[in-house]
Amino acid sequence: MTIETSSFTVASQPSGLRIFFRNRASAVGTAVLILLVLLAVLGPVLSPYDPLSIGVGETMAPPSLTHIFGTDELGRDIFSRASLGVGVSLFVGFVAAAMSSTIAILIGCISGYFGAFVDDVLMRMTEIFQVIPRFFLAILLVAFFGASIVNIVIAIGLLSWPESARVIRAEVMSLKNRQYVSSARIAGASTASIIFGEILPNALGPVIVNATLQVGQAMLLEAGLSYLGLGDPNRISLGLMLHQSQEIMRTAWWATALPGSLIFFAVLAANLVGDGLNDLFNPRARAR
Amino acid sequence: MVEATSKANGGDAVATDVAAAGKARAKRGIRFRYARYVARRLLQAVPIIVVIVLINFTLIQAAPGDPVYALIGQMETTPEYIAQVREEFGLDEPLPQQFLSYIAKIATFDLGYSFRFRQDVSGLIFERVPATFLLMGTALVISSLLGIGLGVIAGRRPFGWTDNAATIFALAGFSMPVFWLGQLVLLVFALKLPWFPVQGMVSLRAPSHGWGYIASVLHHLVLPATVYGIYHLTLIFRMTRIKMMDVLVQDFITTARSKGAGERRVLFVHALPNAILPVITVIGYNFGFMLAGSVLVETVFGWPGLGRLMYEAINARDYPLLLGLFVVISLFVIIANVLTDIIYALIDPRILYR
């Protein structure tokens with residue numbers, strides 16, 4: 001940002017993108033996320049080894065130039081498997097976050113806009129969902145309905161909305177009496193178009209921040225579920241790899257340490273981006 | 001002279017009596033408000049408990065296949081046993097009837113029977129509670145003290161060197177799958193360097209009681225408690241830091257400083273008590289989250305608590321045990337929530353007057 005000396009021009013407001021990337025942490029987070037997406041997309045194509053076929057190398061070979069993450073007890077290439085796993089983890093993270101954000105937006109908007117009785121009922125419901133231990137309910141849902149990737153995403157998405165819903169509700173409540181909203185109402189706009197066309201776009205900041213942080217949380221939840229043995233056996237996720245490598249931990253540290261580090265980087269990157277977005281949408285926090 | 005003194009004293013005594021009576025009345029007033037507050041919080045917990053039971057009931061009914069298998073689990077059993085369970089839970093009766101009898105069962109802590117462990121579910125669960133609470137309690141006390149201390153130091157100079165280092169550390173801890181951290185610690189401090197035991201809570205050769213037993217348990221406790229503690233430390237640190245940053249810029253801190261209070265006094269006597277309330281609520285309201293962490297850490301270290309039991313239940317698809325664990329864990333979470341609110345009101349009685 002340059003400060004103009006001329007008295008006629010005001011110092012130009014830096015654009016959102018510039019604020020976001022000037023923050024080193026969020027720039028690093030974005031870069032890491034892009035790298036991981038590239039790894040997930042290109043890894044299986046570029047890697048010379050089929051992630052599913054056994055015996056592409058020696059069994060339990062430590063990391064080397066030919067197998068940079070080493071091999072597992074069946075001689076499978078861990079790097080190829082992990083790059084598939086990153087894809088599954090990111091998929092679960094983003095889809096579950098999108099799902100919970102959608103629920104949160106619907107409940108938050110309706111509750112905040114209509115207030116009164118509707119608000120009471122919805123907020124009681126939200127409180128109840130907040131108290132229910134969600135990791136354990138996710139375990140029950142997946143254990144009962146089957147460990148498939150779809151069920152895992154649905155379980156996480158269905159249980160992660162309450163905090164965001166409350167944030168959005170507060171935001172909508174503070175916006176709904178602004179003048180531009182009354183103008184829209186007088187102009188005859190329908191309730192739906194007032195909520196989703198006028199109010200929601202202005203309440204979107206916290207929604208986006210929350211959704212980004214949810215991505216990380218969802219990836220951690222998926223990893224936890226898979227580690228406990230509730231991963232989709234037909235989709236290699238990083239958590240599932242950690243579950244399976246448990247038995248060869250004594251001899252093959254790489255089978256645990258390296259795939260796990262990818263979860264760590266993915267979640268860290270999502271959190272960094274979330275923090276950066278928070279600074280962007282919440283200038284008060286930035287100033288401090 | 002003597003008379004006068006005694007008269008004056010008498011007058012004082014009357015005055016004190018009046019003041020004391022007033023104080024006592026005020027005390028009774030706040031006690032009444034407090035009792036009403038606690039009663040209200042307890043009442044608010046009732047619908048949540050009903051929802052929890054309803055969730056269990058719905059799962060049993062909605063799970064693919066015959067509900068009777070949700071009450072038995074995927075075990076090889078006899079037709080007689082299946083018929084017995086069907087009879088016991090009244091599965092042939094209409095749904096509302098079934099729900100009522102299910103509530104009655106849970107109200108008496110009859111959580112069903114685990115065919116795999118050949119034991120009542122409630123007995124199985126309560127056997128494991130002490131181990132989990134030992135792990136959680138140890139880790140929580142240490143990590144809360146460290147987290148609050150670190151938060152105070154970091155919040156004192158926001159964006160200073162210490163603060164940045166601690167913030168990065170906390171962000172890393174917050175982004176790490178807790179079980180993976182456990183695995184790494186296990187790899188280094190139990191497998192590579194054989195300093196600590198790999199699995200379990202007490203070694204087989206340890207005496208069954210006395211100091212030898214305690215020493216063995218403590219030795220086994222170090223790694224899981226550290227891992228679990230780090231995970232929790234990051235949460236408490238982040239919260240304390242933010243609250244300290246808020247509190248330290250307020251007027252009463254400036255006043256304390258200008259009166260010449262030392263830095264340590266300002267931080268720990270003036271600022272911290274005002275910052276600590278939200279930290280306490282964070283601990284209390286995140287109890288479910290904390291139990292989830294405990295499940296994962298226990299699984300890594302083979303710690304024989306609720307988490308390990310849950311792991312075994314998952315892998316045996318022992319449905320009655322899973323359902324029972326969910327009920328008990330939810331109850332713990334609800335109790336923790338109510339207790340947090342009660343402690344909150346003790347520390348900050350203003351909430352009683354809302």
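Computed from heavy atoms alone, side chains included, the values below leave out hydrogens, waters and symmetry copies. In the text below, chain A, chain B and the rest are named by the order of the sequence lines, each starting its count at 1.
- Put simply, of B/Pro177, B/Ser175, B/Pro47, the one with the most heavy-atom pairs under 4.5 Å next to chain A is B/Ser175.
- We find the CG-CH2 distance between B/Leu187 and A/Trp254 to be 10.5 Å, quoted to the nearest 0.5 Å.
- With a threshold of 4.5 angstrom between heavy atoms, B/Leu291 approaches chain A through its backbone and through its side chain.
- Proximity of a side-chain donor or acceptor of B/Tyr319 to a complementary backbone N or O of A/Ala143 within less than 3.5 Å is detected.
- For A/Ile139, the part lying under 4.5 angstrom from a heavy atom of chain B is the side chain only.
- Taking CD from B/Gln183 and CG from A/Leu242, the interatomic distance works out to 5.5 Å, rounded to the nearest 0.5 Å.
- Nearest heavy atom pair, residue B/Gly288 against residue A/Pro133, reads CA-CB, 4.3 Å.
- The CG atom of A/Leu220 lies 11.5 Å from the CH2 atom of B/Trp180; values are rounded to the nearest 0.5 Å.
- Residue contact with chain A, scored on non-hydrogen atoms closer than 4.5 Å, is absent for B/Phe287.
- Of the residues considered (A/Ile128, A/Thr256, A/Asp275), A/Thr256 shows the highest number of contacts with chain B, using heavy-atom pairs under 4.5 Å.
- Taking CG of B/Leu59 as the reference point, atom CG of A/Leu140 lies at 5.5 Å (rounded to 0.5 Å).
- Within residues 259-273 of chain A, the residues having any heavy atom less than 4.5 Å from a heavy atom of chain B are, in residue-number order, A/Gly260, A/Ser261, A/Ile263, A/Phe264, A/Val267, A/Leu268, A/Asn271, A/Leu272.
- Each of A/Tyr227, A/Phe129, A/Phe135 has some count of heavy-atom pairs under 4.5 Å with chain B, and the biggest count is that of A/Tyr227.
- Heavy-atom distances place both the backbone and the side chain of B/Ala172 under 4.5 Å from chain A.
- Residue B/Val249 does not touch chain A at all, counting heavy-atom pairs closer than 4.5 Å.
- With a 4.5 angstrom heavy-atom cutoff, B/Leu171 touches chain A via backbone and side-chain atoms both.
- Among all heavy-atom pairs drawn from B/Arg317 and A/Leu230, the shortest one is NH1-CD2, 3.9 Å.
- Side chains of A/Val131 and B/Ile52 form no contact here, defined as non-hydrogen atoms less than 4.5 Å apart.
- Under the 3.5 Å distance criterion, the side-chain polar atoms of A/Trp253 are left unmatched by any main-chain donor or acceptor of B/Leu184.
- Both the backbone and the side chain of B/Leu323 come within contact range of chain A, each with at least one heavy atom under 4.5 Å from a heavy atom of that chain.
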